[in-house]
Protein chains: 2
Amino acid sequence: MDPMLTITDVSRRSGVASSALRFYEERGLIASERAGSGHRRYPRSVLRRIAFIVFAQRIGLTLEEIAAELAKLPADHVPTRRDWSRLSGEWRKRIDERIAELQRLRSGLTECIGCGCLSIDRCSLANPADMAGRKGQGPRYWLG
Amino acid sequence: MDPMLTITDVSRRSGVASSALRFYEERGLIASERAGSGHRRYPRSVLRRIAFIVFAQRIGLTLEEIAAELAKLPADHVPTRRDWSRLSGEWRKRIDERIAELQRLRSGLTECIGCGCLSIDRCSLANPADMAGRKGQGPRYWLG
DNA sequence: GCTTGACTTCAAGTTAACTTGAACTTGTAG
DNA sequence: CTACAAGTTCAAGTTAACTTGAAGTCAAGC
């Protein structure tokens, strides 16, 4: 009946390893209180926060971006569904762009590779849009 | 009029850095001949091979997977369009799965976060399918 | 002959997102 | 009281895909 959860509880219920939970805390994505022993204790609301993190990762956000989003949540109360939904503004666009790119790649699979035009001179299939989570490195620019 | 290209030629025409080209060679994705000076010389066909590599990366394949695909190309002649298109079998499925996931995430953005059900107990939005290029690490499993 | 630019190799650095290991401390069951 | 599981911190290791730097070679222009 204790409302607070141990790190193992949270790990089991979220599917996120304890080491990752400590790492998230270090990066400021989640927080914990401490029991007298020094052990972490989490309120239930952390589970939703973690769900949000995992969700955002699947979309392609980096932890840094996610941290920035989470920082927009009000500090004075446990976030409501309204608070959460305010965070998703930019995301829809991002998902749509990535879907569009994949569809382009998909049709290129038939048309471009199939027809033999997959040549750097004429084909502009792979383009640099989105590429979430990899900035400033790699040679992945492609001038279509 | 020389049919062979230098590494800078290839880099400029493909948009892939020379350091990356050397790296690809080391990993067996591309090959080069050597001029008397020891400098690399590439046949034009390498450009299509590189286009294929970049394309496959955008889809989400790792270099290791791409190398495995490329190994299926015939060694006795410069690949034809038919040779190339044979390689794309599995890909379509992969793209479709990733698109489906993104669409699922997208609707979750409205329905799940919006309605407030983004809770680890009830929500199964983020699932582990695909996750190209990240195996055996990270806590990114999510039991829907 | 000298400088410049393109090229070479090889080792080490980079980034994200964690994991692993070492060295300890705490909590719980018997 | 003794195990042993569960927790803690902190530093270092891991993986992918490259990049960067050091140190040296080679070809072309002046």
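Just so you know, these numbers use all the heavy atoms, side chains as well, and skip hydrogens, waters and symmetry mates. Order of the sequence lines sets the chain letters (A, B, ...), proteins ahead of strands, with each chain counted from 1.
- Comparing atom distances between the Leu63(B) side chain and each of dG27(C), dT8(C), dC18(D) picks out dC18(D) as nearest.
- If you find the closest nucleotide of DNA chain C to Ser37(B) and to Arg27(A), the one lying nearer the 5' end belongs to Ser37(B).
- Of the candidate nucleotides dT9(D), dA16(C), dT26(C), dA16(C) has the atom lying nearest to any side-chain atom of Glu64(A).
- Distance, Met4(A) CE to dG7(D) P: 14 Å, rounded to whole Å.
- Not one side-chain nitrogen or oxygen of Thr6(B) sits closer than 4.0 Å to the OP1 or OP2 atom of dA6(C).
- Distance, Tyr24(B) OH to dA16(D) C1': 11 Å, rounded to whole Å.
- When the nucleotides dA6(D), dT8(D), dT8(C) are ranked by their closest atom to the side chain of Ile7(A), dT8(D) comes out on top.
- Taking every side-chain heavy atom of Ala20(A) into account, dT19(C) is the closest of dT19(C), dC18(D), dA6(D).
- Under 4.0 Å is where a charged nitrogen must lie from a carboxylate oxygen, and between Lys72(A) and Glu69(A) at least one such pair does.
- We find that CG of Leu21(B) is positioned 10 Å from P of dT8(C), with the value rounded to whole Å.
- With sequence neighbours left out, Glu25(B) forms a side chain to side chain contact (heavy atoms under 4.5 Å, CB included) with Ile30(B), Ser32(B), Arg34(B), Arg40(B), Tyr42(B).
- Taking atom CZ on Arg22(A) and atom P on dA6(D), their separation rounds to 13 Å, with Å as the unit.
- Between Phe52(A) and Trp91(A), the ring planes are tilted. Angles from 30° to 60° get that label.
- In this structure, the CD atom of Glu26(A) is 13 Å from the C1' atom of dT19(C), given to the nearest Å.
- Under 4.0 angstrom from either OP1 or OP2 of dT9(C) there lies at least one side-chain N or O belonging to Arg40(B).
- For Gln57(B), counting side-chain heavy atoms from C-beta on, the closest listed nucleotide (dG7(D), dC18(D), dT19(D)) is dC18(D).
- Counting to the nearest Å, the P atom of dT20(D) and the CZ atom of Phe23(B) are 14 Å from each other.
- What separates CG of Leu29(B) from P of dA16(D) is a distance of 13 Å, to the nearest Å.
- Put simply, Arg34(B) has a side-chain N or O that comes within less than 4.0 Å of OP1 or OP2 on dT9(C).
- In this structure, Glu25(B) atom CD and dT9(C) atom P are separated by 8 Å, rounded to whole Å.
- In this structure a side-chain-to-backbone donor-acceptor pair under 3.5 Å is missing from Asp96(B) to Lys93(B).
- The side chain of His39(A) has dT8(D) as its nearest neighbour among dT19(D), dT19(C), dT8(D).
- Looking at Ser18(A), its side chain never comes within 3.5 Å of a backbone N or O of Ile7(A) through a donor-acceptor pair.
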